[in-house]
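Below is one structure, written out as structure tokens, with a few remarks after it.
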Amino acid sequence: MLVKNAENRGQLEFVSLENMVPQDHLLRKIDSAIDFKKIYEFVEDLYCEDNGRPSVDPVVLFKIVLIQHIYGISSLRRTLEEVSMNLAYR
């Protein structure tokens with residue numbers, strides 16, 4: 001039986017990102033092996049406590065650059081595009 005669902009493209013669906021990425025994915029293994037919270041200690045003195053704009057989370061920045069190097073993506077702009085499209089990177 002042929003079913004065409006072209007009309008349902010605007011339909012919303014709630015899914016868990018945890019269930020969409022395989023448990024044996026490389027990035028899951030890296031995340032479980034590295035304590036990324038240690039980064040906060042390394043960069044704490046580089047941020048002003050009471051002045052300036054809110055920062056981007058330094059752990060997120062580190063992970064973006066890590067993904068760039070692991071997957072051999074040549075530019076940071078391209079890496080950000082990949083992060084916005086690939087569920088495993090999130």
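Excluded from the calculations below are hydrogen atoms, water molecules and symmetry mates; all remaining heavy atoms, backbone and side chain alike, are included. Remember, it's a predicted structure, so these values are computed and weren't measured experimentally.
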Hey, what else clusters with Val65 if you join Ile, Leu, Val, Met, Phe, Trp, Tyr whenever side-chain heavy atoms sit under 4.5 Å?
-> none
For the residue pair Phe36 and Val60, establish whether any side-chain heavy-atom pair is separated by less than 4.5 Å.
-> no
Pro58 side chain reached by Tyr47 side chain, heavy atoms, under 4.5 Å = yes
Determine, using the 4.5 Å side-chain heavy-atom cutoff (strictly less than), whether Ile34 and Val21 are members of one ILVMFWY cluster.
-> no
Is Leu27 linked to Leu61 within one hydrophobic cluster, defined over Ile, Leu, Val, Met, Phe, Trp and Tyr using a side-chain heavy-atom separation of less than 4.5 Å?
-> no
Quick one: do the Tyr71 and Asn86 side chains pair a donor with an acceptor below 3.5 Å?
-> no
Using a cut-off of 6.0 Å, state whether more than 12 heavy atoms not belonging to Met20 lie near its atom CE.
-> no
Considering non-hydrogen atoms only, spot the tightest contact between Asp24 and Lys29 and give its length.
-> O-CE, 3.4 Å
Of all the heavy-atom pairs spanning Arg90 and Leu17, show the shortest one and how long it is.
-> CB-CD1, 4.2 Å
Gap between atom [atom2] of [Y] and atom [atom1] of [X] - 0.5 Å precision:
X     : Y     : atom1 : atom2 : answer
Tyr40 : Phe62 : OH    : CZ    : 12.5 Å
Gln68 : Tyr89 : CD    : OH    : 11.0 Å
Asp31 : His25 : CG    : NE2   : 12.0 Å
Ile64 : His69 : CD1   : NE2   : 12.0 Å
Ile70 : Thr79 : CD1   : OG1   : 11.5 Å
Ile67 : Ile73 : CD1   : CD1   : 7.5 Å

State whether the side chain of Ser16 and the backbone N or O of Glu18 hold a donor-acceptor pair below 3.5 Å, judged by distance alone.
-> yes
Any donor and acceptor pair, going by atom type alone, linking the side chain of Arg28 with main-chain N or O of Pro22 inside 3.5 Å?
-> yes
Output, in order, the C-alpha distance, side-chain angles, deciding distance and verdict of salt bridge (charged side-chain N to carboxylate O under 4.0 Å, His left out) for Glu82 and Arg78.
-> CA-CA 6 Å; Glu82 289 290 326; Arg78 180 67 184 148; 2.6 Å; yes
